[in-house]
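Taking it in order: structure first as structure tokens, then the write-up.
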Amino acid sequence: MAKIQTPQAVRGTQDMFGETEERFVHVVATFERVRKLYGFKGLQLPVIEPTAVFSRSLGEATDVVSKEMYTFEDRGGDSITLRPEFTAGIARAYLTNGWQQFAPMKLSVHGPLFRYERPQKGRYRQFHQIDAEIIGAGEPAADVELLVMADQLLKELGINDGVTLQLNTLGDTPSRDAWRAALVGYFNDHKGALSEDSLSRLEKNPLRILDSKDPKDRPIAAAAPVIDDYLSGEAQDFFGAVTAGLDAAGVAWTRNAALVRGLDYYRHTAFEFVTDRLGAQGTVLGGGRYDGLIENLGGPATPAVGWAAGIERLAMLLEHGSQDKFDAVIVVENDDRLSDAIRLARKLRAAHFATEIVATGSPRKRFDKAAKLPAHTLISLSVADGAPSMRIRGEGSEIAARVEAFIVGAN
RNA sequence: GCGACCGUAGCUCAGUUGGUUAGAGCGCUGGUUUGUGGUACCAGAGGUCGGGGGUUCAAGACCCCUCGGUCGCCCCA
């Protein structure tokens, strides 16, 4: 008989288990707790959307739309896309459900996203993000609230060490356009010294030359025109209000004038929490104000601001995975005690003690097997001199004391 | 899309310039030992060396293709 090839996971996907899974869940649980502290409502959204949701918001011709989305035709002939981001889908839901009536809305989501990219450290084809948005709020206080929440989240996860908040403003539309024109002019004057990659960026996405990694581009980028010289008074006031709010909240930040967004719908605030501990994928959490997006989707002009963070990346930064521990492990050292063990386990679990039974394999080795499980209490059931015997070994912790007291009380 | 490195038991890996029946540790199963105990010893199961093709008397080692993994570039909504 021919041996069949064992199926493999799709490239760029992962099966999370054990410590990896526990870290992942911990990030989500922490996010859920923190976002409630700030009054953000939860949202559950479809994973698939009409392709137009993304092609219209991101721009038909961009690489991300043309090359990096999972797009397919369904059986009815409609073009469907696995969501590559949350923001566009949230904006779509806002419009289709008429949520203007609730504006301003503070919303949070988390779940899987899909991008057809080459996997590398902290980058997968199916990845997961937590996401927070405020839609319908045009004032800088909304930006501040979102940033303060992000800062608290990172602190509660214990990964704020070595993470810095980089902040920039892209200005309002006139400011941004003027700056962009000045940059294109400047880079055109220095064409000869730019790297090959940056020459093509000059055609497609000139702002990106500013954060080029190529050492050839660095000095040119460093001397490029800065947004500050092109900011309108209104845009300056807006950015000033954001930084003042952060200072008032005690959130540390640094200005990064090279922090840009490629898409035109971004306005004003752009930010990234960046770490040096994840190789090339340094951004841990990023976002900004996207006042132009909802209009791109055919809706009314609606100011909005938000951020998203990769759960896998956050999980990788966690100090140590808190391994789940059993409250009690019951060892059946003599098969005659199996029923007793089942009865006791049932009682413990009903009292909300996480309990495991070890009753398989060589009876002589079961104790060793059980002792290797992470547990607060180890309960051994055996038969000594013809009489049933139970021994409890606690680790001396408060939980162990409660388990022991419960067992004594229950018998 | 481009580049570098990698792919040998369930896991972590060794395998000498190609040369008999492919190894270790951990884990697993069984036995012995110990007995308020996470010990030690013995034995066993488990591998068509990611897959396909080629070179050779001979390939886990060399060549080509392919599929995965890792890291970087590009991109980054």
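Order of the sequence lines sets the chain letters (A, B, ...), proteins ahead of strands, with each chain counted from 1. Because the structure is predicted, anything quoted here is derived from the model rather than measured.
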Protein-nucleic acid N or O pairs under 3.5 Å, nucleotides 73-75 of chain B:
unit_1: C73(B); atom_1: OP1; unit_2: K213(A); atom_2: NZ; d: 2.7
unit_1: C74(B); atom_1: OP1; unit_2: R201(A); atom_2: NH2; d: 3.2
unit_1: C74(B); atom_1: N4; unit_2: Q120(A); atom_2: NE2; d: 3.3
unit_1: C74(B); atom_1: N4; unit_2: R123(A); atom_2: NH1; d: 2.9
unit_1: C75(B); atom_1: OP1; unit_2: R201(A); atom_2: NE; d: 2.9
unit_1: C75(B); atom_1: OP2; unit_2: R201(A); atom_2: NE; d: 3.3
unit_1: C75(B); atom_1: OP2; unit_2: R201(A); atom_2: NH2; d: 2.6
unit_1: C75(B); atom_1: O2'; unit_2: E68(A); atom_2: OE2; d: 3.3
unit_1: C75(B); atom_1: O2; unit_2: E117(A); atom_2: OE2; d: 3.2
unit_1: C75(B); atom_1: O2; unit_2: R123(A); atom_2: NH2; d: 3.0
unit_1: C75(B); atom_1: N3; unit_2: R123(A); atom_2: NH2; d: 2.7

Under the side-chain contact (heavy atoms from CB on, under 4.5 Å) rule, collect the residues that match up with A150(A), sequence neighbours excluded.
-> F273(A), L285(A), W307(A)
Close residues, residues 270-278 of chain A, relative to RNA chain B [heavy-atom separation under 4.0 Å] | none
Ranges pairing with ranges for RNA chain B, where each run has three or more Watson-Crick or G-U pairs under 3.5 Å = B:1-7 with B:67-73, B:10-13 with B:23-26, B:28-32 with B:40-44, B:50-54 with B:62-66
By salt bridge (Lys or Arg N to Asp or Glu O under 4.0 Å), which residues pair with R83(A), not counting sequence neighbours?
-> none
What pairs of donor and acceptor atoms, side-chain ones from residues 298-306 of chain A against any protein atom, are under 3.5 angstrom apart with sequence neighbours left out?
unit_1: T302(A); atom_1: OG1; unit_2: P300(A); atom_2: O; d: 2.7

Contacts of R261(A) that satisfy side-chain contact (heavy atoms from CB on, under 4.5 Å) - sequence neighbours left out | L170(A), L259(A), Y266(A), A270(A), E272(A)
Could you list the donor-acceptor pairs under 3.5 angstrom formed between side-chain atoms of residues 127-134 of chain A and any protein atom two or more places apart in sequence or on another chain?
unit_1: H128(A); atom_1: ND1; unit_2: E312(A); atom_2: OE2; d: 2.7
unit_1: H128(A); atom_1: NE2; unit_2: Q126(A); atom_2: NE2; d: 3.4
unit_1: E133(A); atom_1: OE1; unit_2: Y290(A); atom_2: OH; d: 2.5
unit_1: E133(A); atom_1: OE2; unit_2: T87(A); atom_2: OG1; d: 3.3

Taking only residues two or more places apart in sequence, or in another chain, which ones meet S200(A) in a side-chain contact (heavy atoms from CB on, under 4.5 Å)?
-> none
Please, which pairs that meet salt bridge (Lys or Arg N to Asp or Glu O under 4.0 Å) have at least one residue in residues 274-298 of chain A, sequence neighbours excluded?
-> D143(A)-R289(A), R289(A)-D291(A)
Strand-adjacent residues in residues 165-180 of chain A, judged by heavy atoms under 4.0 Å from RNA chain B | none
Which atoms of nucleotides 33-36 of chain B (N or O only) lie under 3.5 Å from a protein N or O atom, and what are those distances?
unit_1: G35(B); atom_1: O6; unit_2: R364(A); atom_2: NH2; d: 2.9

